[in-house]
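This report concerns only the one structure given below.
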Amino acid sequence: MIQDEMLREAIYNKYIRPTERKAKPVVGVELEYPIVNLRNIGLSEVTEPVDFDVVHHLAEEFVVRFGFSKVSRDDDGEIYLAEDERTGDTISFDCSFNTLELSFGVEGNIHVIRERFDRYYSYIEDFLLAEKHTLTGMGINPGYRVNRKEPIHNGRYRMLLHHLESYTEYGNRIHFHHWPHFGLFSCASQVQVDAGKEHVVEMLNTFNRLEPLKALLFANSVFDADPDHRFLASRDYLWKHSLHGLNPHNVDEYDKKLHSVDEIVRYISSESLYCLEREGKYINFPPIPIEDYFKEKVVRGEYFDPEEGRYRYASFEPGLSDLAFLRSFKFNDLTFRGTVEFRSVCEQPVQDVLTVAAFHAGLIAKLPELTRLLASDVDLYQQGYSVGELREILVRQDHTSRFDDAAYALLERVLRLAEDGLAQRGHAEEQFLAPLFERVERRTNPALHLLERQKAGRALRETILEYAGH
């Protein structure tokens with residue numbers, strides 16, 4: 001059994017030690033895009049699933065075209081990940097071949113990322129459009145009803161979907177939704193920034209407090225399958241009410257203010273493990289808080305046996321190396337790379353592709369000022385509601401409330417601060433914020449725009465192509 005002091009030291013070494021180096025003003029960007037089959041789209045629904053043969057052919061051609069040399073293939077020999085070792089850029093398929101992800105190695109200038117994005121995206125779209133497919137900038141794949149509901153055929157993704165599907169074994173411990181395959185159609189725009197130890201507590205607290213405003217600004221995941229939960233940012237709901245949310249410390253915002261690095265370590269120790277890899281086998285098991293996991297002598301789980309085509313039970317003894325498999329899904333999360341990852345934002349329309357990265361980079365440059373601005377607000381944050389409650393109010397389709405005036409007024413000040421921060425960075429990146437100022441002026445976001453188009457009777461195909469940048 002591993003002692004508490006040994007566990008705290010291991011967590012510190014994994015998550016805090018990397019922040020002891022000097023933080024750099026760089027960003028890493030991850031963009032997840034739905035792939036959509038454009039054939040026979042009805043007025044309001046996609047009718048044809050993504051053709052995986054098209055996707056596999058695209059991956060093969062992309063790797064050759066751009067010289068991505070480090071390639072990973074699934075059990076069927078299909079590419080699911082490829083990397084350019086010169087830039088650190090990757091093309092991958094997130095959970096399934098219905099979602100294409102472009103990730104960019106860290107850069108100090110967002111324009112550099114934009115240039116590489118434009119090259120990749122132009123090539124991908126030309127290829128897909130010739131096959132009557134497209135990417136689109138939405139947080140929910142509009143073809144989620146008809147697309148194949150199967151993970152990438154490898155150990156990790158097969159394990160993940162099997163784990164999420166096991167929610168029925170947990171009764172009513174939380175309110176579960178019935179879309180355990182949501183990871184196959186839910187898409188995000190994620191940003192990582194360097195975190196210095198002296199600022200990491202402030203970064204987590206301040207950006208946690210910012211979450212209601214981010215939802216109002218970036219909501220873009222309308223999910224109409226459940227009429228009782230009509231959110232503008234339904235990704236929140238899908239993650240929180242899945243098996244990932246069995247332990248609330250693994251998802252969403254922080255429900256408390258963090259006061260020290262030691263408290264971050266304790267918080268991480270309260271998050272749950274649910275999988276690991278041993279001897280080449282991915283094993284999943286009922287989620288166990290880390291602080292309890294390492295007190296167990298033996299943990300029982302299951303893994304997929306490809307030879308028999310079924311799941312088999314496995315027992316194993318916990319070891320500190322298992323920390324490598326901790327999967328947290330916090331909105332603002334400290335990573336083992338010495339970065340804070342912001343992952344609460346839905347994927348954005350392609351024409352606004354780097355608004356999310358610019359927003360966060362600008363505010364990081366003005367972190368003390370942002371902290372003071374949010375702490376001094378009394379019209380939104382000191383009205384008796386928690387950060388989580390405010391975010392949920394502002395992401396509902398019927399979100400109009402007494403908070404709107406205060407939220408938009410504060411949001412404009414936040415954007416001005418981000419603009420100042422980008423100017424301070426000295427790369428003329430302020431232009432990436434222009435669509436966000438327009439949203440605040442019009443009191444809209446991509447989700448509301450999509451609903452307005454639906455109400456006006458606009459064809460879904462038009463909206464898909466508009467959000468694809470065409």
Side-chain angles (χ1 to χ4, degrees), residues 1-23 190-214 236 239-240 244-274 287-295 318 320 322-344 360 363-364 366-377 381-382 385-391:
M1 233 177 355
I2 294 168
Q3 301 299 317
D4 289 346
E5 185 175 343
M6 293 174 60
L7 175 58
R8 286 195 295 271
E9 182 179 3
I11 293 174
Y12 185 97
N13 287 337
K14 179 181 178 182
Y15 292 99
I16 306 301
R17 190 78 64 195
T19 68
E20 293 178 352
R21 56 169 168 69
K22 182 175 176 58
Q190 300 178 168
V191 180
Q192 289 197 31
V193 301
D194 256 12
K197 183 179 177 182
E198 68 275 20
H199 299 304
V200 67
V201 173
E202 183 181 9
M203 287 174 68
L204 292 176
N205 283 330
T206 298
F207 279 90
N208 188 68
R209 194 171 177 84
L210 191 61
E211 283 302 328
L213 297 181
K214 286 170 61 176
D236 294 14
W239 289 85
K240 182 176 182 178
H244 286 321
L246 186 68
N247 180 347
H249 280 199
N250 278 59
V251 297
D252 280 7
E253 63 283 314
Y254 295 93
D255 59 358
K256 63 188 297 298
K257 184 176 182 178
L258 301 167
H259 294 90
S260 66
V261 164
D262 287 340
E263 191 168 1
I264 294 175
V265 170
R266 290 194 294 272
Y267 194 98
I268 292 172
S269 74
S270 72
E271 296 173 351
S272 292
L273 275 169
Y274 67 86
I288 308 173
I290 292 173
E291 55 198 358
D292 298 326
Y293 174 84
F294 288 106
K295 294 176 183 177
L320 277 179
D322 298 342
L323 275 176
F325 297 94
L326 174 62
R327 300 286 185 264
S328 168
F329 305 100
K330 304 299 292 182
F331 287 161
N332 310 289
D333 208 9
L334 182 62
T335 79
F336 66 90
R337 298 180 181 90
T339 64
V340 170
E341 183 170 13
F342 304 107
R343 56 164 69 100
S344 66
H360 287 89
L363 291 177
I364 286 294
K366 292 290 185 180
L367 180 62
E369 294 88 340
L370 177 62
T371 299
R372 290 194 293 270
L373 174 62
L374 298 184
S376 64
D377 174 79
Y381 289 110
Q382 297 185 32
Y385 290 84
S386 69
V387 167
E389 289 168 339
L390 285 172
R391 181 173 169 101

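Positions are given from 1, in the same order as the sequence printed here.
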Output yes when [X] and [Y] qualify as a salt bridge under the 4.0 Å nitrogen-oxygen rule, no when they do not.
{"X": "Asp194", "Y": "Arg337", "result": "no"}
{"X": "Arg8", "Y": "Glu5", "result": "no"}
{"X": "Asp236", "Y": "Arg391", "result": "yes"}

Got a sec, which residues hit salt bridge (Lys or Arg N to Asp or Glu O under 4.0 Å) with Arg343, two or more places apart in sequence or on another chain?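 Salt bridge (Lys or Arg N to Asp or Glu O under 4.0 Å) check on Arg343 returns Asp333, Glu341.
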
Are any side-chain N or O atoms of [X] and backbone N or O atoms of [Y], one a donor and one an acceptor, separated by less than 3.5 Å?
{"X": "Lys197", "Y": "Ile16", "answer": "no"}
{"X": "Thr206", "Y": "Met203", "answer": "no"}
{"X": "Gln382", "Y": "Asp377", "answer": "yes"}

For the residue pair [X] and [Y], what are the closest heavy atoms and their distance?
{"X": "Asp252", "Y": "Lys240", "result": "OD2-CD, 3.0 Å"}
{"X": "Ala195", "Y": "Ala23", "result": "C-CB, 4.1 Å"}
{"X": "Gly338", "Y": "Thr19", "result": "CA-CG2, 4.0 Å"}
{"X": "Glu253", "Y": "Val387", "result": "CG-CG1, 4.3 Å"}
{"X": "Ser344", "Y": "Glu211", "result": "OG-OE1, 2.8 Å"}
{"X": "Phe294", "Y": "Pro318", "result": "CD2-CB, 4.1 Å"}

Quick one: are [X] and [Y] in side-chain contact, heavy atoms under 4.5 Å?
{"X": "Val193", "Y": "Thr339", "result": "no"}
{"X": "Tyr385", "Y": "Pro212", "result": "no"}
{"X": "Thr335", "Y": "Gln192", "result": "yes"}
{"X": "His360", "Y": "Lys214", "result": "yes"}
{"X": "Ile268", "Y": "Leu326", "result": "yes"}
{"X": "Ile11", "Y": "Ser269", "result": "yes"}
{"X": "Val340", "Y": "Ile364", "result": "no"}
{"X": "Leu374", "Y": "Tyr381", "result": "yes"}

Looking at [atom1] of [X] and [atom2] of [Y], how far apart are the two atoms once the value is rounded to the nearest 0.5 Å?
{"X": "Glu271", "Y": "Ile290", "atom1": "CD", "atom2": "CD1", "value": "6.5 Å"}
{"X": "Asn208", "Y": "Lys330", "atom1": "CG", "atom2": "NZ", "value": "7.5 Å"}
{"X": "Asn205", "Y": "Leu367", "atom1": "CG", "atom2": "CG", "value": "10.0 Å"}
{"X": "Asn250", "Y": "Ser328", "atom1": "CG", "atom2": "OG", "value": "5.5 Å"}
{"X": "Ser270", "Y": "Asn247", "atom1": "OG", "atom2": "CG", "value": "6.0 Å"}
{"X": "Phe207", "Y": "Asn332", "atom1": "CZ", "atom2": "CG", "value": "8.0 Å"}

For Leu210 and Leu363, run side-chain contact (heavy atoms from CB on, under 4.5 Å): C-alpha distance rounded to whole Å, both residues' side-chain angles, the deciding distance at 0.1 Å, then the answer. CA-CA 11 Å; Leu210 191 61; Leu363 291 177; 3.7 Å; yes

Mutual orientation of the aromatic rings belonging to Trp239 and Phe329 [parallel < 30°, tilted 30-60°, perpendicular > 60°]: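 Taking Phe329 first and then Trp239, their aromatic rings sit tilted (interplane angle of 30° to 60°).
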
State, without any angle test, whether Tyr293 and Asp322 hold a side-chain donor-acceptor pair at a distance under 3.5 Å.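 Result is yes, a qualifying pair exists.
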
For the pair Ile288 and Leu273, evaluate side-chain contact (heavy atoms from CB on, under 4.5 Å) and give the outcome as yes or no after the intermediate values. CA-CA 5 Å; Ile288 308 173; Leu273 275 169; 5.7 Å; no

Centroid-centroid distance, His244 to Tyr274, less than 6.0 Å: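 Yes, they do, as the ring centres are separated by less than 6.0 Å.
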
When the ring centroid of Phe342 is compared with that of Phe331, is the distance short of 6.0 Å?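 Here the rings of Phe331 and Phe342 have centres that are no less than 6.0 Å from each other.
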
Counting only heavy atoms not in Tyr12, do more than 12 sit closer than 6.0 Å to its OH atom?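 Atom OH in Tyr12 is crowded, with more than 12 foreign heavy atoms closer than 6.0 Å.
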
